[in-house]
Amino acid sequence: MKKRKIWIDCDPGIDDAVALAMVAASQDRLHVLGISTVSGNQTIDRVTENALKLSAFLSLNVPIVRGADCPLLRPLEIAGDIHGDTGLGNCRLPETQKKPEDENGLLFMRNTIMHLPAGEKVTLVPTGPLTNIALLFKVFPEVKERVEQIVLMGGSAGGGNVTPYAEFNIWVDPEAASLVFKCGLPIVMCGLDVTMQSGLNHRQVKKLLSSSHPVQHAYGEMLSFYLGTTISENRQLVCIHDAVTILFLTNPELFRGIYAEICIDCSEEHRGQTILRPVSPEELSRISAPVYMLNKTELPKFQEILLQKLCSLA
Ligand code: BDR
Ligand code: CA
């Protein structure tokens with residue numbers, strides 16, 4: 001089977017770290033061209049250090065580039081309360097000698113994508129604020145021709161998780177999100193509508209934590225941090241938002257969705273709201289690039305595959 005070429009843009013982040021584990025366990029299906037980091041859950045220094053440590057820990061031998069250290073127009077707001085001071089909860093990963101590429105991050109992404117063999121395209125997988133992707137398209141618009149699809153974590157058709165209106169990744173950099181949602185490329189939106197149904201239960205997290213297997217134990221440590229934060233209060237499920245992007249690529253049968261037109265509210269009052277207009281099947285052919293918005297997960301199957309993939313990592 002031909003492997004799908006992907007580029008990951010992330011801000012690890014506990015659930016970004018799970019997404020990277022899903023990537024590492026899916027290398028028979030996915031060819032990872034590289035990873036860029038973006039400030040979001042933590043500062044660019046912390047998320048880059050985490051991406052380097054995670055790639056070494058998971059034997060994900062791909063180039064890593066350091067991306068934007070703040071949103072396009074706004075000051076950076078991090079989520080230390082949800083992901084901890086390091087960004088990876090209670091987990092201390094082994095140190096690594098691995099370094100980010102010396103070249104400018106955007107230029108490295110551009111060159112990697114433009115040097116793909118003729119006819120081949122990349123799928124971009126952003127799991128943080130969309131700052132890098134917006135900059136990439138603005139500075140190097142030729143890249144868009146070589147992008148097959150964008151499968152992103154962000155947004156919500158219902159309520160938000162930072163404000164009543166907005167999901168974190170879109171809220172941090174709404175101007176960047178607005179540019180990306182207007183870029184005209186096919187987008188799969190894995191927003192809170194689907195990710196709030198996608199996670200592990202407390203028993204499964206505790207089982208990972210008690211495992212003597214180093215990878216499972218490390219992920220148990222990361223995810224158990226969530227159990228002590230406000231996001232787990234009164235919830236049965238520890239949501240693993242960012243992993244949905246990768247599992248959608250490897251196991252699309254786990255999810256269902258609808259087509260919609262999406263625009264981003266950049267006003268102060270409703271900052272980061274993803275405003276949605278569903279698109280009917282009859283209208284679909286008339287809309288240039290509708291967004292496919294996931295809204296349903298087959299939870300038991302999602303959990304089974306996620307745990308299988310985690311357990312497959314040595
Ligand atoms: C998103 O926000 C971040 O805190 C998570 O890593 C995820 O990408 C969920 O709203
Ligand atoms: Ca993230």
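As the structure is a computational prediction, the values presented were derived from the model and not from experiment. We count ligands from 1, going down the list as the structure has it; atoms in each ligand are counted the same way.
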Original post:
Looking only at N/O atoms, are D11 and ligand 1 under 3.5 Å apart anywhere?
Top reply: no
Original post:
Between N169 and ligand 1, is there a nitrogen or oxygen pair with a distance under 3.5 Å?
Top reply: yes
Using a strict cut-off of 4.0 Å, indicate which atoms of ligand 1 neighbour a heavy atom of [X].
{"X": "T127", "answer": "8 (O)"}
{"X": "F168", "answer": "2 (O), 3 (C), 4 (O), 10 (O)"}
{"X": "M153", "answer": "1 (C), 7 (C), 8 (O), 9 (C)"}

State plainly whether the residues [X] and [Y] are in salt-bridge range, i.e. N to O under 4.0 Å.
{"X": "E298", "Y": "R256", "result": "yes"}
{"X": "E283", "Y": "R277", "result": "yes"}
{"X": "E103", "Y": "R110", "result": "no"}

Original post:
Which pairs with one or both residues in residues 168-186 pass salt bridge (charged side-chain N to carboxylate O under 4.0 Å, His left out), sequence neighbours excluded?
Top reply: R74-E175
Original post:
Out of curiosity, is D242 lining ligand 1, as in a heavy atom under 4.0 Å away?
Top reply: yes
Subject >> D11 near the Ca ion (ligand 2) via N/O/S, less than 3.0 Å >> reply: yes
Any donor-acceptor N or O pair under 3.5 Å, side chains [X], [Y]:
{"X": "T43", "Y": "D45", "value": "no"}
{"X": "W171", "Y": "T163", "value": "no"}
{"X": "S26", "Y": "T250", "value": "no"}

Original post:
When you measure from atom 1 (C) of ligand 1 to each heavy atom in E167, H241, M196, Q42, which option holds the nearest one?
Top reply: E167
**OP:** Have a look at the Ca ion (ligand 2) and estimate, to 10 degrees, the angle subtended by O (T127) and OD2 (D242).
**Re:** 90°
Subject >> side-chain contact (heavy atoms from CB on, under 4.5 Å) partner of I8, the single match among I246, V62, D242 >> reply: I246
**OP:** May I ask you to identify, for I14, whether its side chain, its backbone, both or neither come under 4.0 Å of ligand 1 on a heavy-atom basis?
**Re:** neither
**OP:** Please report which non-hydrogen protein atom sits nearest to atom 6 (O) of ligand 1, along with the residue it belongs to and the distance in Å to one decimal place.
**Re:** D15 OD1, 2.6 Å
Subject >> Nearest non-hydrogen protein atom, atom 3 (C) of ligand 1 >> reply: N41 OD1, 3.1 Å
